[in-house]
Q: 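The following block contains the structure, expressed as structure tokens.
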Amino acid sequence: MISIKSAKELEQMRIAGRIVAETHEKLKEVIRPGITTKELDIIAEEYIRKSGALPAFKGYYGFPASICTSINEQVVHGIPGPVVLKSGDVVGIDIGAIYDGYYGDAARTHGIGEISSNAQKLIKVTQESFFAGIEYAREGNRLSDISHAIQSYVESHGYSVVRDLVGHGIGKKMHEDPQIPNYGAPGRGPRLAAGMALAIEPMVNQGKYAVKTLSDGWTVVTADGSLSAHYENTIVITKEAPELLTHL
Ligand code: MG
């Protein structure tokens, strides 16, 4: 069952979303060769708490940090730690915040120092595929219209879309109905209606789409070791173009 958010609920979600977006901006200012992912985690957690919110990922099914940091062949759910970022790395950062009981969730991928033109293109196509998808995030369309647009955009650039992990409804819980695959035929699934809040998050691999989880139980990596990128925003379906809650 997909919940329709009231105007009052959307006010709370806008605040949660803005805090997530600002936290991403904060990290963008400091991310560079030589910084550790643990330092990024501390900066993000401080900013979220200072803003009157809680880090949504901390303790979620036992996740040990406030943000996810996923480097190179890591797709999502990487755990911040002592690893030092170096020039050439591609780092996905996923941030969630809870404000007054409502969730915001967004991911960005950064190139550290000088990255290859291939890596730059992967990051760009991943971000663009999100925007290609939300062209279809309109009242009256079907959910899989978004999925299909993302897949088509990604594959037209020779990349693949991760299938084992999907986007999701969001609101009073981080993961609500519906699940939102980033692939599939158009014209299927629930009809979109104003007030639905969705976290749309293409995960794009330079190689094949298969992924596996490392022995830490969290970190998802590409099965073929190829680079991966992630881009996500929490959006709301409206009568017109979707509203992006986690984008400044
Ligand atoms: Mg998400």
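Indexing begins at 1, ligand by ligand and atom by atom, following the structure's order. The figures that follow rest on heavy atoms only: side chains count, while hydrogens, waters and symmetry mates do not. Note that this is a predicted model, so its numbers are computed, not measured.
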Q: Please determine if the Mg ion (ligand 1) has an N/O/S atom from Asp94 lying under 2.8 Å away.
A: no
Q: If you measure from CG on Asp177 to CG on Leu198, what distance do you get to the nearest 0.5 Å?
A: 11.0 Å
Q: What about the rings of His175 and Tyr60, do their centers lie closer together than 6.0 Å?
A: yes
Q: Closer than 2.8 Å to the Mg ion (ligand 1), do we get an N, O or S atom from His175, backbone or side chain?
A: no
Q: Taking the Mg ion (ligand 1) as the vertex, what is the angle from NE2 of His168 to OD2 of Asp105, given to 10 degrees?
A: 90°
Q: Which pair of heavy atoms, one from Asp94 and one from Ala106, lies closest together, and at what distance?
A: OD1-O, 3.2 Å
Q: For the Mg ion (ligand 1), what is the closest N, O or S atom on Glu232?
A: OE2
Q: Please indicate whether Lys58 has more than 12 foreign heavy atoms, meaning atoms of other residues, nucleotides or ligands, lying under 6.0 Å from its NZ.
A: yes
Q: Any salt bridge linking Lys38 with Asp41? Criterion: basic side-chain nitrogen under 4.0 Å from a carboxylate oxygen.
A: yes
Q: For N/O/S atoms only: which one belongs to Glu201 and is nearest the Mg ion (ligand 1)?
A: OE2
